[in-house]
**Q** 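This is the structure, below, for whatever I ask next.
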Amino acid sequence: MSLLNPVLQPPGVKAYLSQGERFIRWDDETTIASPVILRVDPKGYYLYWTYQSKEMEFLDITSIRDTRFGKFAKMPKSQKLRDVFNMDFPDNNFLLKTLTVVSGPDMVDLTFHNFVSYKENVGKDWAEDVLALAKHPLMANASRSTFLDKSLVKLKMQLNPEGKIPVKNFFQMFPADRKRVEAALSACHLPKGKNDAINPEDFPESVYKSFLMSLCPRPEIDEIFTSYHAKAKPYMTKEHLAKFINQKQRDSRLNSLLFPLARPDQVQGLIDKPAVPRGHGMVTLWARKQRAGPGQAAAAPRHDAAAQPLLHQLLPQHLPDSRPVLRPFLCRDVPPGAAGGLPLRGAGLLEGEAP
């Protein structure tokens with residue numbers, strides 16, 4: 001992060017971490033040593049290992065507390081495991097191959113994942129680079145869209161032997177209400193049976209966003225159209241937007257002389273200068289959350305509306321700092337013939353403090 005560009009950049013995953021390396025994973029409690037392939041997904045969300053049976057185990061990068069190699073790594077106490085690794089031989093180079101990943105919800109309840117590489121000094125590079133990912137500021141302070149993206153990455157990595165996504169994984173990923181999950185899958189024209197499977201090509205990011213919108217509906221969004229547009233069209237004109245700002249958003253206790261109503265030219269300015277560049281299409285709940293990531297929001301001064309995400313930009317700048325308000329999230333897909341209109345399809349409301 002440079003002084004000229006104060007926005008934090010996402011962590012980069014080195015190529016060898018994504019390609020994977022052969023290790024032997026051992027456990028003192030079970031005295032089992034199993035060959036695995038250790039990898040990090042290209043986005044740096046998970047450290048995972050694959051057994052010879054194609055079974056996979058995942059470890060969230062954010063749960064990693066420490067990585068150790070060499071003499072600082074865990075050593076097998078079971079004689080069976082010591083014999084497997086020939087640790088009692090005097091010329092043994094076991095310490096040059098060790099890697100221990102420490103994970104847990106806090107610094108007390110810890111789990112040790114122990115690996116031994118087939119080559120020397122491999123564990124050192126893995127320990128340093130995996131810990132660098134775990135300690136990156138954006139990993140521990142990620143935006144909501146990042147956590148949604150992590151769910152998609154995990155769903156696409158947990159495939160059955162036929163290379164498809166089992167539907168039961170959706171029920172495990174979103175366990176709150178199974179009927180809602182089934183309804184969301186049906187809305188996206190996807191199979192919903194417990195024993196069914198989905199082809200990964202049929203579940204791109206766009207379908208995943210539609211699935212989330214069906215799974216977590218926002219009925220208050222439609223209220224904007226019914227209340228501020230008589231025909232409930234998928235856009236709002238300048239006049240309707242002005243009515244929305246002055247009546248819905250505005251605090252009724254504000255003095256009209258000290259804090260005048262939004263003028264038509266101010267409303268037009270909101271339409272012409274959104275935080276989302278032109279040509280990006282409809283700004284859904286997913287997109288606006290992506291635009292409001294922690295690194296981007298922290299980079300701009302608090303009162304610089306032009307540099308703030310879209311949710312900050314739609315408030316009149318004269319609102320007092322201490323008054324909680326409702327912010328609208330607007331889109332750019334104006335239908336042909338609707339000059340001066342601002343669409344609100346897929347928009348939402350979020351309560352927060354005024355900028």
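Quick note: residue numbers are just sequence positions, from 1.
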**Q** The test is side-chain contact (heavy atoms from CB on, under 4.5 Å); show your working for L17 and R39 and say whether it passes.
**A** CA-CA 6 Å; L17 294 176; R39 294 187 180 94; over 6 Å; no

**Q** Between the main-chain N or O of L258 and the side-chain N or O of N255, is there a donor-acceptor pair closer than 3.5 Å?
**A** yes

**Q** Would D265 and R263 pass as an ion pair if we require N to O under 4.0 Å?
**A** yes

**Q** Can you label the angle between the F94 ring and the F85 ring as parallel, tilted or perpendicular, going by 30° and 60°?
**A** tilted

**Q** What residue pairs, at least two apart or across chains, pass salt bridge (charged side-chain N to carboxylate O under 4.0 Å, His left out) with a residue in residues 97-116?
**A** none

**Q** For R178, look at atom CZ and say whether over 12 heavy atoms of other residues, nucleotides or ligands are found less than 6.0 Å away.
**A** yes

**Q** Hey, is the main chain of G44 close enough, under 3.5 Å, to the side chain of D41 for a donor-acceptor pair?
**A** yes

**Q** Give the minimum heavy-atom separation between F147 and A142, together with the two atoms involved.
**A** CE1-O, 3.6 Å

**Q** Less than 4.0 angstrom from a charged side-chain N to a carboxylate O is my criterion; do K124 and E128 meet it?
**A** yes

**Q** Taking side chain as C-beta onward, heavy atoms only, is F58 less than 4.5 Å from M157?
**A** yes

**Q** Can you give me the closest heavy-atom contact between P166 and Q158, atom names plus distance?
**A** CD-O, 3.4 Å

**Q** Work out which heavy atom in L99 is nearest to a heavy atom in G123; give both atom names and the distance.
**A** CD1-O, 3.7 Å

**Q** V13 versus V40: any side-chain heavy-atom pair under 4.5 Å?
**A** yes

**Q** Are L47 and L38 close enough, and set up right, to give a side-chain contact (heavy atoms from CB on, under 4.5 Å), and what steps lead you there?
**A** CA-CA 7 Å; L47 174 70; L38 191 64; 3.8 Å; yes

**Q** For the hydrophobic clusters of this structure (ILVMFWY residues joined by side-chain heavy atoms under 4.5 Å, transitively), does one cluster hold both F170 and L159?
**A** yes

**Q** Take Y46 and L59 through the side-chain contact (heavy atoms from CB on, under 4.5 Å) test and state the conclusion after the steps.
**A** CA-CA 6 Å; Y46 299 101; L59 183 62; over 6 Å; no

**Q** Does K209 reach the side chain of L148, with side-chain heavy atoms less than 4.5 Å apart?
**A** no

**Q** Can any side-chain N or O of R65 pair as donor or acceptor with the backbone N or O of G104 at less than 3.5 Å?
**A** yes

**Q** Answer yes or no: is there an ion pair linking D28 with K77, defined by an N-O contact shorter than 4.0 Å?
**A** no

**Q** Check the side chains of E57 and Y51 for a donor-acceptor pair under 3.5 angstrom, ignoring hydrogens and angles.
**A** yes

**Q** Please evaluate residues Y16 and D125 with respect to the criterion side chain to side chain donor-acceptor pair (under 3.5 Å), reporting the C-alpha separation (whole Å), side-chain torsions for both, the decisive distance (0.1 Å), and the verdict.
**A** CA-CA 10 Å; Y16 81 92; D125 295 335; 5.3 Å; no

**Q** Please report the interatomic distance NZ(K156) to CD1(I165), rounded to the nearest 0.5 Å.
**A** 6.5 Å

**Q** Donor-acceptor pairs under 3.5 angstrom involving side-chain atoms of residues 189-204: please list them, not counting sequence neighbours.
**A**
| residue | atom | partner | partner atom | Å |
| --- | --- | --- | --- | --- |
| D196 | OD2 | G193 | N | 2.9 |
| N199 | OD1 | E201 | N | 3.2 |

**Q** Take F69 and W126 through the test ring-ring contact (aromatic ring centres under 6.0 Å, His included) and record every step on the way to the result.
**A** CA-CA 9 Å; F69 61 92; W126 275 80; over 10 Å; no

**Q** Within the distance-only criterion (no hydrogens, no angle test), does the side chain of N114 pair as donor or acceptor with the backbone N or O of K74 below 3.5 angstrom?
**A** no

**Q** Is D251 close to F259 at the side-chain level, that is, under 4.5 Å between some pair of heavy atoms?
**A** no

**Q** Considering non-hydrogen atoms only, spot the tightest contact between Q266 and L261 and give its length.
**A** OE1-O, 4.0 Å

**Q** Looking at L155, is its backbone amide N or carbonyl O close enough to the side chain of N169 to form a donor-acceptor pair, meaning the two atoms are under 3.5 Å apart?
**A** no

**Q** Looking only at heavy atoms, which two atoms of M75 and L95 are closest? And how far apart?
**A** CE-CD2, 2.9 Å

**Q** In a check of side-chain contact (heavy atoms from CB on, under 4.5 Å) between L215 and each of D177, V181, L185, which one passes?
**A** V181

**Q** Any side-chain heavy atom of E21 sitting closer than 4.5 Å to one from F23?
**A** yes

**Q** Keeping the roles fixed (side chain from S117, backbone from V122), state whether a donor-acceptor pair exists under 3.5 Å.
**A** no

**Q** Just verifying a value: how many Å separate L133 CG and L138 CG, rounded to the nearest 0.5 Å?
**A** 12.0 Å

**Q** Atom NZ of residue position K150 - does it have more than 12 heavy atoms of other residues, nucleotides or ligands inside 6.0 Å?
**A** yes

**Q** Group every Ile, Leu, Val, Met, Phe, Trp and Tyr by side-chain heavy-atom contacts under 4.5 Å, then state whether L212 and V207 land in the same group.
**A** yes

**Q** Angle between ring planes, W49 versus H113, binned at 30° and 60°: parallel, tilted or perpendicular?
**A** tilted

**Q** Evaluate the side-chain proximity of V153 to K43: yes if any heavy-atom separation is below 4.5 Å, no if none is.
**A** yes

**Q** Tell me whether R82 contacts the main-chain N or O of P76 through its side chain, where contact means a donor paired with an acceptor under 3.5 Å.
**A** yes

**Q** Using only atom types and a distance under 3.5 Å, with no angle test, would you say the side chain of Y45 pairs donor to acceptor with the backbone of T62?
**A** no

**Q** Looking at CD of E239 and CZ of F244, how far apart are the two atoms once the value is rounded to the nearest 0.5 Å?
**A** 16.0 Å

**Q** To the nearest 0.5 angstrom, please state how far the NZ atom of K80 sits from the OG1 atom of T31.
**A** 4.0 Å

**Q** Run the side-chain contact (heavy atoms from CB on, under 4.5 Å) check on V102 and T67 step by step: do they pass?
**A** CA-CA 6 Å; V102 186; T67 56; over 6 Å; no

**Q** State, to 0.1 Å, how close A262 and N246 come at their nearest heavy-atom pair, and which atoms those are.
**A** N-OD1, 2.9 Å

**Q** About how many Å separate OG of S103 and CZ of F112, when rounded to the nearest 0.5 Å?
**A** 9.0 Å

**Q** Kindly compute the distance separating NZ (K135) from CG (D66), expressed to the nearest 0.5 Å.
**A** 7.0 Å

